[in-house]
Amino acid sequence: METNIALNIENVKKNIEQACLRSGRNPKDVTLIAVSKTKPNEMLMDAYNAGMRTFGENYVQELVSKIDTLPDDIEWHMIGHLQTNKVKYIVGKVAMIHSVDSVKLAREISKEAVKRNVTADILIEVNVALEENKFGITLENGIETVTEIAKLPGLNIRGLMTSAPYVSNPEDNRKYFRDLKQLCVDINSKNIDNIHMDVLSMGMTNDYITAVEEGATMVRVGTAIFGARNYNK
Ligand SMILES: *Cc1c(COP(=O)(O)O)cnc(C)c1O
């Protein structure tokens, strides 16, 4: 199957723009992250040559290898589950870690950031639908967890992230996007140690349009740009 990556990116951007217009938002407030996990460097370069500079990856080894090989002006986002023993490989190299799902992981990132004299931009991952196979804190624990993590040095909590359930009708996820947005508003209203969060990373190929309508500032789109993934290459 031939994949026209430039055209796919154009279409996704158009959909984001239209969702913004429908919901009274400025398209400039939504960042498209091209999720390139399992995809070869040539495909990332196709996206790069179409103007894409923001990529999302899930696996540390693959991410580090792509960082070392591809152009320096790419902004890398770690969006996959991160083990504490892998933190040292990415702090200082990625623009943002979206998948901070425990205080323990945040502590490890903090330690590494302090050691390297950098500030790590992080998002707190929330398991909005309480799915058993997904990582993330609960909505209920959101304020408590953010308060704990906000005490750690070397971190900048930029906002919240979620992967909503895999559904055929994206309308089914609208309530979860609203819940995440509400948690963000609630946290900001508490003025926790001057925490102000403005990033909402939500929406994937199946539901990014709905997510943008509900306030997403970052959407993570893989399949709609690069085509389906083949994990057993
Ligand atoms: C793979 C992945 C995506 C992209 O999924 P698509 O359905 O291919 O758009 C987004 N976010 C996370 C956390 C992922 O693991």
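Each ligand, and each atom within it, is numbered from 1 in the order the structure gives.
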Inset, instruction - Between Lys134, Arg220, Glu125, Lys37, flag the one that comes closest to atom 2 (C) of ligand 1 by a heavy atom. - result: Lys37
Inset, instruction - Report the C-alpha distance between Thr138 and Asn141 in whole Å, list the side-chain angles of each, state the deciding distance to 0.1 Å, and finish with yes or no for side chain to side chain donor-acceptor pair (under 3.5 Å). - result: CA-CA 5 Å; Thr138 63; Asn141 288 338; 3.3 Å; yes
Inset, instruction - Run the contact test for Ile79 against ligand 1 with a 4.0 Å cut-off on heavy atoms, strictly below, and give the result. - result: yes
Inset, instruction - Considering the heavy atoms of Gly222, write down every atom of ligand 1 situated less than 4.0 Å from one of them. - result: 4 (C), 6 (P), 8 (O), 9 (O)
Inset, instruction - Give a yes or no on whether the backbone of Thr38 and the side-chain of Glu62 come within a donor-acceptor separation of less than 3.5 Å. - result: yes
Legend entry - Contacting atoms of ligand 1, where contact means under 4.0 angstrom from a heavy atom of Ser163: 13 (C)
Legend entry - Part of Arg229 with heavy atoms under 4.0 Å of ligand 1, whether side chain, backbone, both or neither: side chain
Legend entry - Backbone N/O of Ala19 and side chain of Ser23: donor-acceptor pair under 3.5 Å: yes
Inset, instruction - Please work out which of the three classes, parallel, tilted or perpendicular, describes the rings of His77 and His98, given edges at 30° and 60°. - result: perpendicular
Inset, instruction - Please confirm whether Arg220 makes a cation-pi placement over Tyr208, using NZ or CZ under 6.0 Å from the six-membered ring centre and within 45° of the ring normal. - result: no
Legend entry - For Thr205, the ligand 1 atoms whose distance to one of its heavy atoms is below 4.0 Å: 6 (P), 7 (O), 8 (O), 9 (O)
Legend entry - Numbering as shown, the atoms of ligand 1 that approach Val221 to under 4.0 Å (heavy-atom distance): 9 (O)
Legend entry - Backbone N/O of Glu75 and side chain of Thr54: donor-acceptor pair under 3.5 Å: no
Legend entry - Contact atoms of ligand 1, heavy-atom distance to Asn58 under 4.0 Å: 14 (C), 15 (O)
Legend entry - Those atoms of ligand 1 less than 4.0 Å from some heavy atom in Thr223: 6 (P), 7 (O), 8 (O), 9 (O)
Inset, instruction - Look at the side chain of Asn156 and the backbone N and O of Asp121, then say whether any donor-acceptor pair between them is shorter than 3.5 Å. - result: no
Inset, instruction - Among all protein heavy atoms, pick the one closest to atom 5 (O) of ligand 1 and tell me residue, atom and distance. - result: Met204 CE, 3.5 Å
